[in-house]
Amino acid sequence: MSEDDVVLDTPEDDVLLAHLRRVAGDVDPAPALVQEMGRGAFLMRALDAELAALVHDSAEPGQDLVGVRGGDRVRLMSYEVAAVGLELQVVARGERRSLTGQVVGPSAGPVLVQTGTGEHAVKPDETGVFCLEDLPAGRVRISLTRPGGVTVVTPWTVL
Amino acid sequence: MSPRALLATRFPAVADWRPDPERGPVQQESVTALLRAAEAGDQDAWGGIVSRFGDLLWSVARAHRLSAADAGDVVQMTWLRLVENLGRIEDPERLAGWLATTARRECLRTLRRSGREQLSADGDATIDLQDHAEPLDSRLLSEERDAQLWESFGGLQPRCQQLLRVLMADPAPSYLEAAAALDMPIGSIGPTRARCLQRLRVLASSRGLSLSGLSATGPTGASA
């Protein structure tokens with residue numbers, strides 16, 4: 001804290017803010033369900049997984065909009081870690097999302113797509129392409145297994 | 001020694017650990033110990049982190065005028081970000097600032113998705129802070145004075161409401177955390193706070209509300 005803070009934070013202000021804090025605690029506390037879900041977030045830990053980096057996202061500011069196709073919004077994302085890449089195309093129609101992904105580089109076994117409400121295992125074809133239709137809008141993360149058993153997981157991303 | 005046992009030597013009551021608003025700034029050692037224990041797999045330590053900072057994250061989301069549903073999603077995304085970065089937090093003393101920054105970014109993403117973030121002429125993102133969250137129901141407040149005070153708060157300029165709402169987090173955030181939550185220079189937090197509280201006094205006074213009788217403990221009682 002700077003010296004200014006000491007000068008400017010009068011006892012009267014501290015008392016008023018403490019009172020406001022109590023009022024906010026009455027009228028707008030963090031809901032118990034939100035806190036409970038936060039405790040449960042620990043169970044989503046992907047131990048021993050390599051976290052892929054989101055290296056491109058057309059929804060971030062400054063990116064060229066991929067835009068609209070027949071009323072659907074299209075978003076492109078790229079994730080990378082070590083020798084593995086994951087390209088993702090997300091088509092949004094209302095509150096539903098369709099994913100087309102391609103695993104670039106060696107992987108083995110199914111791709112696991114986790115959402116806020118469940119998970120789906122999909123098997124990529126011989127070119128690494130997989131599709132998943134009709135997901136609910138919301139957060140998603142994708143994990144895949146590299147040959148040798150190392151799991152790669154993307155960060156959670158809201159689609 | 002197991003992480004749990006290690007934690008218990010320092011915090012015998014870690015399972016029952018609750019933030020104590022009267023204790024002032026949280027002891028950094030405890031945040032570091034909780035984070036390190038959570039990294040080692042201790043779920044109770046994780047619960048301690050959620051209890052300690054959950055209201056800060058909620059306050060950051062509400063300060064960005066998100067609806068309760070969107071605010072809940074932002075808080076959860078922030079916790080998931082911390083979970084996926086456990087073991088990568090290099091400076092545990094700054095965990096609260098890391099969380100506040102992460103929550104702010106998630107708020108901005110949410111606002112962007114809903115089309116409420118606008119780009120100003122110089123390319124900086126600005127946020128439409130007006131009139132999106134549902135009005136909070138001040139009738140929940142038992143005391144007429146508090147209801148009036150909350151309504152006066154709602155009459156402040158959006159920027160003032162935003163800063164004060166973050167500072168209302170329980171336990172009280174540091175200015176460093178507030179600056180991280182709002183992407184403000186830390187040196188402007190104190191002066192802005194003073195100016196906004198003064199405006200609040202003027203607004204309250206124009207409603208015939210006297211704030212002179214407030215005490216440090218207050219009649220509203222301790223928060224949960």
Side-chain angles (χ1 to χ4, degrees), chain A residues 1-47 49 51-52 57 59-62 73 92 114 116 137-139 141 153-159, chain B residues 21 38 43 46-47 50-51 54-55 57-59 62 68 71-73 75-77 79-81 83-86 109-110 112-113 119 125 136-138 140-141 146 149-150 153 164-165 167-170 172 174-175 186-187 189-191 193-194 197 200-201 211 214-216 218 220-221 223-224:
Chain A
M1 304 227 174
S2 71
E3 236 171 58
D4 282 354
D5 301 333
V6 180
V7 173
L8 286 159
D9 288 1
T10 65
E12 293 75 20
D13 279 1
D14 287 345
V15 167
L16 177 52
L17 192 58
H19 189 79
L20 285 167
R21 184 170 300 115
R22 280 190 292 273
V23 173
D26 285 342
V27 78
D28 190 26
L33 179 64
V34 171
Q35 296 283 73
E36 201 49 49
M37 286 181 63
R39 290 186 188 92
F42 195 62
L43 303 175
M44 303 309 291
R45 191 176 187 193
L47 269 176
L51 184 65
D57 183 354
E60 289 294 314
R73 284 170 293 123
Q114 291 175 293
R139 60 178 170 269
R141 79 170 169 185
V153 65
T154 68
W156 286 95
T157 309
V158 179
L159 303 182
Chain B
Q43 177 135 25
W46 174 261
V50 172
S51 297
D55 196 63
L57 299 186
W58 180 256
S59 298
R62 297 297 259 174
D73 284 342
V75 172
Q76 186 65 6
M77 275 297 283
W79 291 130
L80 289 167
R81 292 254 175 270
V83 168
E84 70 193 11
N85 283 289
L86 279 177
R109 287 199 177 102
T110 300
R112 199 180 303 138
R113 276 194 301 277
L119 290 179
L136 291 168
D137 191 352
S138 58
L140 291 170
L141 296 169
D146 289 345
L149 178 60
W150 197 254
F153 170 72
L164 293 181
R165 184 63 189 86
L167 293 174
M168 283 178 216
D170 188 3
S174 71
Y175 283 7
I186 187 169
I189 302 283
R193 182 189 107 146
L197 288 174
L200 179 61
R201 284 196 180 85
L211 299 176
L214 296 179
S215 71
T220 318
S223 54

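Quick caveat: nothing in here was measured; it's all calculated off a predicted structure. In what follows, chains are A, B, ... by sequence order, proteins preceding strands, each numbered from 1.
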_Between B/L57 and chain A, with a heavy-atom cut-off of 4.5 Å, which part of the residue counts as in contact: side chain, backbone, both or neither?_
neither
*Checking side-chain contact (heavy atoms from CB on, under 4.5 Å) for the pair A/R141/A/T157: CA distance, chi angles, key distance, verdict?*
CA-CA 6 Å; A/R141 79 170 169 185; A/T157 309; over 6 Å; no
*Have B/S59 and B/R62 got a donor and an acceptor in their side chains that come within less than 3.5 Å?*
no
*Aromatic rings B/W79 and B/W46: how do their planes relate, parallel, tilted or perpendicular, breaks at 30° and 60°?*
perpendicular
_Looking only at heavy atoms and a cut-off of under 4.5 Å, which of B/L211, B/L164, B/N85, B/L167 has the most pairs with chain A?_
B/L167
*Can you say whether B/L149 sits under 4.5 Å from chain A via the side chain, the backbone, both, or neither, judging by heavy atoms?*
side chain
*asked:* Between A/D28 and B/W58, do the side chains contain a donor N or O and an acceptor N or O under 3.5 Å apart?
replied: yes
*asked:* Any carboxylate oxygen within less than 4.0 angstrom of a Lys/Arg side-chain nitrogen, looking at A/R21 and A/D14?
replied: no
*Quick one: what part of A/L43 sits under 4.5 Å from any heavy atom of chain B, side chain, backbone, both or neither?*
side chain
*B/R109/A/E60 salt bridge by N-O under 4.0 Å criterion*: yes
*Sort B/E84 into side chain, backbone, both or neither according to what part of it lies under 4.5 angstrom from a heavy atom of chain A.*
both
*Considering only heavy atoms, which portion of B/A169 lies under 4.5 Å from any heavy atom of chain A: side chain, backbone, both, or neither?*
backbone
_Looking at chain B, which one of A/P11, A/A46, A/A24 has the largest number of heavy-atom pairs inside 4.5 Å, strictly under?_
A/A24
